[in-house]
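Each remark here refers to the structure printed beneath this line.
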Amino acid sequence: MDKRYQHQDHEQKIYDLWQKNNAFNPDSENQPAKQPRYKNKNAPKPFCILLPPPNANDPLHVGHAMYVVEDVLIRYHRMLGDDTLWLPGTDHAGIETQFVFEKKLQKENKSRFDFDRQTLYQMIWDYVQKNSDVAVDQLKKLGFSLDWSRFKFMLDEDIVKIVVQTFQELAEKNLVYRDMKLVNYCTHCGTGFSELEIDHVEKKAPLYYIKYGPLTLATTRPETKFGDTAVAVHPDDKRYQKYVGQEIEVEDLMGNFKLKVIADEYVDPKFGTGVVKITPAHDFNDFEVWQRHQDEILNPKDEIPGLKQVIDYRGHMTALAGPYEGMYLQKARQEVVKDLQKKGLLVKVDENYQHSISTCYRCDTIIEPLPLPQFFIKVKSLTQKALQALDEGKVKIHGAGHDKILHHWLKNLKDWNISRQIVWGIRMPVWYSTDHPDIHVVFLDKNNKRIEGALNEFLDRYEGKYALKDIAGGLQELRAPIQAQYIISPASPGENYLQETDTFDTWFSSAQWPYTTLMTNQLNDFDRFYPTSVMETGYDILPFWVMRMLMMGLYKTNDVPFRDVYLHGLIRDTKGQKMSKSKNNTIDPLEVIDQYGADALRMALVIRSSAGLDKSVGEGDFIAARNLTNKLWNAARFILLNGAEVSNSTKSGKETQDKKYLEKLESITQEITQQLNDFKIGLAAETLYNEFWHWFCDECIEKSKTGKISQPALVQGLSTFLKLFHPFMPFITETIWQTLQREKLIVVGDQPLSQPLPQSLPQLLTASDSQLIALSAWPQ
RNA sequence: GAACUCGUAGCUCAGUUGGUUAGAGCGCUACGUUGACAUCGUAGAGGUCAGUGGUUCGAGUCCACUCGAGUUCACCA
C-alpha cells in the first residue's frame, strides 16, 4: 500500500467494478437484500429517491454535487438491506435550453425566426443529445450509485404521453380553462411566464405628470397612454368628486378624445395627484380595475371591448399608437415625452422616483404585462389536497422553516398559467378549428419566406394560395382569439384543425416526474416504489417544483409523491457570498475531484451541513476532507501491516479489555444510524469524523500498540468505520475493503461483524465474484 | 408592508427531545519526524453562546421584546 491515498488510481476502477456487478440495480442478485445475512428477514422495505433531473444540456456545477446527500441516504438504505432504487434522468429545461440554443444560433447569424417549429425542435433535440452525456459522466465521477438502466429523459415518448394525458384529464374534470389575461411577457425570449419566474429590481424611473383635460395625473409609462380606456380616482377624494361618472375631453398628441372618469378604491389619493390613467392591456392593476368597471367604459367597437393593446409581443408600438407605430417602446417613451412637452401637456417630471420593475429571470429584459389567451390550471382543489397532506404529516419537510414557506405558497397560489410560447417543450394537445376566421398565424412558405397574418387570408378555401397542411408544416406560431373553438386531444381531431403552437411550462412536466418515471420503467416499479421515500433538492425550487409535484402527485395518484422532503442549502464561497460566474468565485466539481478526489468533495460538502441552511465551502474544506481520506487510508495500512503477526498472538482472553472498546464502537454505530434516520446528514458526517479520528485513531490505535486493544478488535473497528463511512466516501472505503479482502483480513458481507471476529483471521474464506460488492451491509 | 432564517472561538460553521467542564475545520503558540499517517502527533491560547427580561432544579437550546444580518413574498400610477 502506498504511504498516501492516491484517489486517481482507484476511483475509476471502483466505479467500473460497481457497474460490472450491477450493484445499483435493485433487481440485481448482488443487492445486499439478497445476501444470506438478510435471508431470514421479512420482505425488504422499498426505499426510492428520484434524482432531481438536471438540465440535459448543462454541465454540472457544484450545486448538483449536493446530490451527495441522496447518495448517502441511498447507500445507507441499500446497506440496510432495503429494496433500494435511485433513479436518474434529465430534464429538457424548456426556456433555459432554448435560450442557450438561440444564443448559439445568433453566433451563426441566424435566429429562431428562420425555422419552422418542427425543424427548430429537431435542431435543439440533436444539440441536447450531443451534450447530455456530459452530465451523466459527471454524476458517475461523483460516485453516485444511480441505477443507469432506468435512466429517463423528460421528452421520452412514454413520459410525454402521460403528461399529455394528465392535461386531458384535468380538462375533463374542468380544472383547465383558457382565458385572456395579462401575462408576464418577455419580448426578448418571446414567451410569457408565471409570476414565479419573474425577478424584481429596484430602479429609478422618471415620474411624468401629464395633463388629461382638466386633470393632471402621474405615470412612469406615458407611451401606454394610447391604450387608456378610463381615468380613475378614489371614490372619497373630494377634489375629483364632480368628475366621477363624467367624460372628460382630453387634448392629446393624436387629436382630442374622450375618457370616462371612474371611481375605484384601488387609487391611492396620496400618490401623485390622486388620478390614475387606466390602461388595462399593459398593467395588472389597471386590468383588474377595468374588469370591475367594464360596463361603464364599454367600447363595443373593440374585439375585446376596451382592451387596447398598444405594445406588441416584440416590444414595438402597435397601430393604435399612430405615428409611433413600430417604434421600440423605450424609444416611443422618449418621443412621446418630447412631443407632450412641445404641446405643453407635460406639467412636471419627478426624476428621483424609485420603484421596482419586473425583469426576465433568464435574460433581464423588462417584463411587459401583455394580454394573451393562455391555458390555466385551477389550483384551488390541488393546493387544498396538498395542504391536507402536509397537515396530516403524510409529507414531512426537513429544512429550516421551509415547511411554513410551503404552507404560505399553497395558501396564496394563483391559477397556474401553463402556456409557454416556445418550441422546446411538450406541445399542447389543443386543436383549433380553422373554421374560425381570425386565427393569427406565422409560418414559412416553401421558399422559407416568413408570412404573417390572418389564417383565412392565406387558405385556399378562402381563395388564398396555401393549403392548410402547408401552413401547418411551416408553422412558427399561432394565436387563436379567445373565442376560438378548440378540442383537447393527443391526436388531430380532423382535417380542419391546427394544433396550438404553445408548449407546456417546463414545470408542468417536471411536476409529474415521480409517477411518469416509475410508470414507464419496469412493469411493477410504480407499485413497488411509489410513493417514493425522499425528495432531496435545493430550497430555491420549493415553489416551482416540490409544491407542484405534491399537487400533481396527489391529483393523479391520490397519494403523496414522496414521504420526506430534504432541502439542502445553497453552496456559497468562503465569504458567504453566492457563487456566480460574474464574481468568479464558482467551484468546478470536476477540478476538485481531480485534485482532491470525489470522496473529499463529497465529505466537504456534506459535513456540518444542515437542512435548509446555506453552506460556505472553500479550498480549506477540501484539503481537510482529503486529509481525512488519507487518515483512513493510513489507519487501514497500519492494521494491515500488523495484521499477520498480531493475529496469531491474540488467541487468549483479551475480551475483557476489548469490552469497553467494543461497546463504544457499537454506541457510535447506533448514534450514526439514528442521525441518518433523522436526516441529520451533516451531523452524522461530523460525528463520524470526530469519532474516527480522535477516538479510533488517536486513542485506540495507540492503545493497540501497547497491546491494550487486541488486533481482532481493531480489525473489527476498522471494518465498522469503513461501513459507516461508506455512504459518505464510497471510493476509498471500497478500495480499502477490497484490499482487506485480498489480504484475507475481512470476510464478506454476510459475516456478523458486530461480534468480535474469529481469531484465526488468515484462514477465513475470500469472496466469490458475485459477492465482490462486499461493502454493502450496515453494521448492526 | 408581511413571512421566514440566522447571530456560538480570529474566519467558516456544527451543537440531536433543555442535562456535567460549549465542539470541529482552517488559522495561531510551543514542542515533537518513536515504525500507520507531517495530508501527522502532543500540549496550549482563544467564547458574557448579539442584548434584555421570563419559564425551569437546570437555558446556547424554550418564550417575549430589542438590536444586527440575510432570504423570500406583496405593493408601488
The reported gap from CG in Asp415(A) to NZ in Lys181(A) (rounded to nearest 0.5 angstrom) is 5.0 Å

Here the distance between atom P of U16(B) and atom CG of Leu613(A), to the nearest Å, is 13 Å

Leu601(A) and Ala65(A) have their tightest heavy-atom pair at CD2-CB, 4.5 Å

query: Do the two ring centres, one from Tyr353(A) and one from Phe271(A), sit under 6.0 Å apart?
result: yes

message = What's Leu217(A) touching, base or sugar-phosphate or nothing? Going by heavy atoms closer than 4.0 Å.
response = nothing

Separation of C37(B) atom P from Ile736(A) atom CD1, nearest Å, is 15 Å

**Asked** Hey, would you say the Phe544(A) and Trp409(A) ring centroids sit under 6.0 Å apart?
**Response** no

Considering only heavy side-chain atoms of Arg608(A), the closest of U5(B), G23(B), A36(B) is G23(B)

key: Parallel, tilted or perpendicular: rings of Phe721(A) and Phe696(A) (30°, 60°)   = tilted

C1' atoms of G60(B) and C49(B), separation to the nearest Å: 5 Å

Taking for Ile357(A) and for Ala635(A) the nucleotide of RNA chain B with the nearest heavy atom, the one nearer the 5' end belongs to Ala635(A)

CG of Asp599(A) to CE of Met729(A), rounded to nearest 0.5 Å, is 6.0 Å

ask   = In terms of side-chain geometry, is the basic nitrogen of Asp678(A) or Lys680(A) positioned less than 4.0 Å from the acidic oxygen of its partner?
value = no

Rounded to whole Å, the CG-C1' distance (Leu567(A) to U5(B)) equals 13 Å

* To do: May I ask you to evaluate whether Ser616(A) reaches the phosphate of C13(B), defined as a side-chain N or O under 4.0 Å from OP1 or OP2?
  => yes

When the C1' atoms of A45(B) and G7(B) are considered, how many whole Å apart are they?
25 Å

Original post:
Expressed in whole Å, how much space separates the C1' atoms belonging to C73(B) and C57(B)?
Top reply: 44 Å

Against the side chain of Phe638(A), the closest entry in U17(B), A24(B), A36(B) is A36(B)

Using a heavy-atom cut-off of under 4.0 Å over every strand shown, decide if Val267(A) touches base, sugar-phosphate, or nothing.
-> base

Tyr596(A) meets the ring pair (Phe, Tyr, Trp, His ring centres under 6.0 Å) criterion, sequence neighbours left out, with none

Solution key, residues 203-214 of chain A side-chain donor-acceptor pairs under 3.5 Å, sequence neighbours excluded:
unit_1, atom_1, unit_2, atom_2, d
Lys204(A), NZ, Asn352(A), OD1, 3.4
Tyr212(A), OH, Asp228(A), OD2, 2.4

Rounded to whole Å, CG of Asn184(A) lies from P of C75(B) at a distance of 10 Å

Rounded C1' spacing from A24(B) to A59(B) in Å: 23 Å

To the nearest angstrom, the OH-C1' distance between Tyr689(A) and A14(B) comes to 13 Å

Carboxylate-amine/guanidinium contact Lys705(A) Glu702(A), below 4.0 Å: yes

_Please give the distance between the P atoms of G54(B) and C11(B) as a whole number of Å._
31 Å

- Item | Distance, P atom - from A2(B) to C65(B), rounded to whole angstrom | 13 Å

Test side-chain contact (heavy atoms from CB on, under 4.5 Å), reference Ile405(A), set Leu567(A), Ile397(A), Leu542(A), output is Leu542(A)

- C1' atoms of U71(B) and A9(B), separation to the nearest Å: 27 Å

With B for base contact, S for sugar-phosphate-only contact and - for none (protein heavy atoms under 4.0 Å), nucleotides 63-73 of chain B reads ----------S

* Side-chain contact, heavy-atom cut-off 4.5 Å: Phe692(A) with Thr720(A)? -> no

Sorted by chain and residue number, the ring pair (Phe, Tyr, Trp, His ring centres under 6.0 Å) partners of Phe287(A) (sequence neighbours excluded) come out as Trp290(A)

Rounded to whole Å, the CH2-C1' distance (Trp633(A) to A36(B)) equals 12 Å

In B/S/- notation (B base, S sugar-phosphate only, - none; protein heavy atoms under 4.0 Å), nucleotides 38-47 of chain B written 5' to 3' is SBSSS-----

Each base of RNA chain B marked ( ) or [ ] if paired in-strand (Watson-Crick or G-U under 3.5 Å), | if paired to another strand and . if unpaired gives (((((((..((((.....[...)))).(((((.......))))).....(((((..]....))))))))))))....

- If you look at every strand shown and take non-hydrogen atoms under 4.0 Å, does Gln354(A) touch a base, only sugar-phosphate, or nothing? nothing

* On the 0 to 90° scale, with breaks at 30° and 60°, tag the Trp695(A)-Tyr661(A) ring pair as parallel, tilted or perpendicular. => parallel

Rounded C1' spacing from G25(B) to U20(B) in Å
26 Å

In whole angstroms, the gap separating P of A74(B) from NZ of Lys411(A) amounts to 17 Å

Between NZ of Lys705(A) and C1' of C37(B) the distance, given in whole Å, is 9 Å

* To do: Please work out if Asn690(A) contacts a base, only the sugar-phosphate, or nothing of the nucleic acid, heavy-atom cut-off 4.0 Å.
  => sugar-phosphate

Mind checking Gln674(A) for me? I need base, sugar-phosphate or nothing, with any heavy atom below 4.0 Å counting as a touch.
nothing

